[in-house]
Amino acid sequence: MTSPLTPRATDFPRWYQDVITQAELADNGPVRGTMVIRPWGYAIWERMQAELDDRIKAAGADNAYFPIFIPQSYLQREAEHVEGFSPELAVVTYGGGKQLEEPVVVRPTSETVINSFFAKWIQSYRDLPLLINQWANVVRWELRPRLFLRTSEFLWQEGHTAHATEPEAREYALRILRDVYLATMVDVLAVPVLTGHKTARERFAGAIRTWTLEAMMGDGKALQMGTSHELGQNFAKAFAIQFSSEMGSQEYVWQTSWGASTRLVGALIMAHGDDAGLRLPPALAPVQVVVVLVRDEGGAREAATALVDDLRRAGHRVRLDDRVGTSFGRRSVEWELKGVPARVDVGPRDLASGQVTLVRRDVQSKRSVAVGGVVAEVALDLAAAQQALYAEATARQAERTQRVKNLDEVAEVAALGFAVVPWDAVGTAGEAELANGGFSVRCLQAADGSLAGADDEPGLLAVVAKAY
RNA sequence: CGGGGAGUAGCGCAGCGGUAGCGCACCUGCUUUGGGAGCAGGAGGUCGGGGGUUCGAAUCCCCCCUCCCCGACCA
């Protein structure tokens, strides 16, 4: 039987589509650009949500919910914001069978509604900082949609905060970048990321600074995994968010906003997937171990059920596959496509000698293990798989990243990966030229790869790549 | 919006004037079950829509719609 997937080397975008179909992650919705997230895809998203949500709460933010409909006039209050988003807005002009007096925008992001309430809630320095997060869907009308990566409606988390001082706001934006996003990407998704800030061209509409996390996919292209913005006082002034300081003066707040979306599911597919399907890092996987009952004979069912219990007691997320009416080969392929990190095959043949077969998805290794040793061995496999996926992605990124000196050398390197070039050698004009060639400056960093402040700092490096 | 393709069974496709087909998937039965099982039987279609040419149109002509790929914007 041939693989159900187009090999990555043959056609990477086609492979990506095949994985989504075959692993039952998502379908296209009836309206162009919309997406139906199927149970397996949603389970993965729920795991991402849980990991992000824990860290967001640890950073002190509370969840709340704001409406999906926003008065059109709200968006117009911040000049850059409206200019940035107007091309991709969905606008409702009819409701209840009548033309609306003021059209209503379906939120593309919630800065405007949320800040209109921040203005109401914030009176005093004692009300600060105000740290709010919301889990929601947003709509940005897309001309060229791709499942998970770019859809007209997507799910995300958006954080919005207000602070008394600029340094405090900046520190919070960076804290989210590091403690929420970077930690989740690296420790859970096992995806190495570069962090830096966006050029003026790539910055969020209405922000004074956009911090970003950029990852390299299996084909060398870049994907933005999350962003954390410093909004300065732009929205504070547009929405009159003022507070009485300790000195009794009226001050505008300093703000941040930050988001990560279902695009992360796409990132996971493209960062770790292989020609046999998805490969989920154990820390993320909704099912870490699948126990496959090969045949319902010779006490195999009892042994499989007992192993499921043992593995669960050891703290793993476990599923029993006892669909013995479906051939073993088919079931094996299914779990490989879905990317479950570890598989335990329990059948009468092995069991006769007190053994089962352990299969590791990431490296496709297979070995016999005594029933009594399964829990310990699985734990080792899961830890090793998590580590190996991160190492593999890191090696690829290192291999495909090259320092270059000038704009002329960028295209060749960026065609296959990341070109790191002095920002001085690119500049705003060079950035526009690169855009014509399909390249973009993913982020700016200090010379040692650390975070830098402004675009005009000396010695900045630009990371240039093709991007999703 | 500019350029290039495609709409036929759930999915992938063939057929290109003369009875609507193939592979996979699906249903039933039997045999199977340690890497996508085999055999037999079965169900499933306004051939994207409208108009025209013709004795006869999935097939030829005209109009419309939709989708996909490549270029200008984006989590």
Side-chain angles (χ1 to χ4, degrees), chain A residues 1-6 11 13-14 17-18 21-22 24 27-33 35 83-89 107-110 136-146 148-158 181 198 201-205 207 210 212-215 222-229 257-267 276-277 292-298 300 322-337 343-353 355-357 359 364 366 368 432 435-438 440 442 467-468:
Chain A
M1 185 69 192
T2 56
S3 166
L5 305 175
T6 303
D11 185 343
R14 178 79 181 276
Q17 287 293 342
D18 287 350
T21 304
Q22 297 291 329
E24 300 179 339
D27 264 331
N28 281 304
V31 172
R32 180 179 161 77
M35 168 169 62
E83 192 187 335
F85 280 107
S86 48
E88 42 187 354
L89 290 181
R107 63 179 165 220
T109 178
S110 303
N137 58 341
V138 286
V139 169
R140 299 178 188 180
W141 215 258
E142 285 295 345
L143 301 176
R144 293 188 54 193
R146 298 190 66 175
F148 289 116
L149 301 176
R150 213 187 299 110
T151 47
S152 288
E153 179 193 9
F154 57 91
L155 307 181
W156 78 343
Q157 129 313 284
E158 49 177 320
Y181 296 145
K198 290 290 191 186
R201 182 191 177 93
E202 301 281 334
R203 192 185 293 153
F204 176 73
T210 289
T212 181
L213 302 97
E214 302 284 330
L223 185 71
Q224 181 173 303
M225 305 283 282
T227 47
S228 184
H229 315 289
S257 71
W258 25 280
S261 73
T262 37
R263 168 178 274 190
L264 288 177
V265 178
V292 177
L293 176 61
V294 178
R295 281 195 287 160
D296 193 358
E297 294 169 18
D322 61 353
R323 298 171 297 164
V324 288
T326 302
S327 79
F328 172 77
R330 171 170 296 274
R331 290 186 285 155
S332 303
V333 170
E334 272 182 29
W335 293 117
E336 272 160 21
L337 284 165
R343 202 178 83 220
V344 184
D345 296 339
V346 184
R349 203 178 67 196
D350 286 350
L351 222 44
S353 56
Q355 295 192 311
V356 297
T357 302
V359 187
Q364 301 273 42
K366 195 181 270 198
S368 292
N436 288 329
S440 57
R442 304 315 304 157
Y468 279 101

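Each chain gets a letter, A, B and so on, in the order its sequence line appears, and its residues count up from 1.
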- Task: Could you list the residues that satisfy side chain to side chain donor-acceptor pair (under 3.5 Å) with A:Arg343, not counting sequence neighbours?
- Result: A:Asp345

Atom pairs, N/O to N/O, protein against nucleotides 5-14 of chain B, distance under 3.5 Å?
none

- Message: According to ring pair (Phe, Tyr, Trp, His ring centres under 6.0 Å), who are the partners of A:Phe85, at least two apart in sequence or on a separate chain?
- Response: A:His81, A:Phe204

- Message: The criterion is side chain to side chain donor-acceptor pair (under 3.5 Å); which residues satisfy it with A:Ser440, sequence neighbours excluded?
- Response: A:Arg442

- Take nucleotides 70-75 of chain B nucleotide by nucleotide from the 5' end and write B, S or -, depending on whether a protein heavy atom sits under 4.0 Å from the base, only from the sugar-phosphate, or from neither. SSBSBB

- Task: Indicate for each nucleotide in nucleotides 27-32 of chain B, in 5' to 3' sequence, whether protein heavy atoms under 4.0 Å reach the base (B), only the sugar-phosphate (S), or nothing (-).
- Result: ------

- Item | Between B:rG21 and B:rC63 - P atom distance, rounded Å | 32 Å

- Task: Can you sort out the partners of A:Glu297 under salt bridge (Lys or Arg N to Asp or Glu O under 4.0 Å), two or more places apart, ordered by chain and number?
- Result: A:Arg295

- By ring pair (Phe, Tyr, Trp, His ring centres under 6.0 Å), which residues pair with A:Trp156, not counting sequence neighbours? A:Phe154

- Query: When you compare B:rC60 with B:rG18, how far apart are their C1' atoms, in angstrom units rounded to a whole number?
  - Reply: 15 Å

- Taking only residues two or more places apart in sequence, or in another chain, which ones meet A:Thr262 in a side chain to side chain donor-acceptor pair (under 3.5 Å)? none

- For A:Gly259, answer base if it contacts any base atom (sugar-phosphate contacts may also be present), sugar-phosphate if it contacts only those atoms, and nothing otherwise; contact means non-hydrogen atoms under 4.0 Å. nothing

- Message: For a 4.5 angstrom cut-off between non-hydrogen side-chain atoms, does A:Gln224 reach A:Tyr468?
- Response: no

- Sorted by chain and residue number, the side chain to side chain donor-acceptor pair (under 3.5 Å) partners of A:Ser257 (sequence neighbours excluded) come out as A:Glu111

- Note on the structure: Counting only Watson-Crick and G-U wobble pairs with both atom distances below 3.5 Å, the stems of 3 or more consecutive pairs that include RNA chain B are B:1-7 with B:65-71, B:10-13 with B:21-24, B:26-31 with B:37-42, B:48-52 with B:60-64

- Sorted by chain and number, sequence neighbours left out, salt bridge (Lys or Arg N to Asp or Glu O under 4.0 Å) with A:Arg349 holds for none

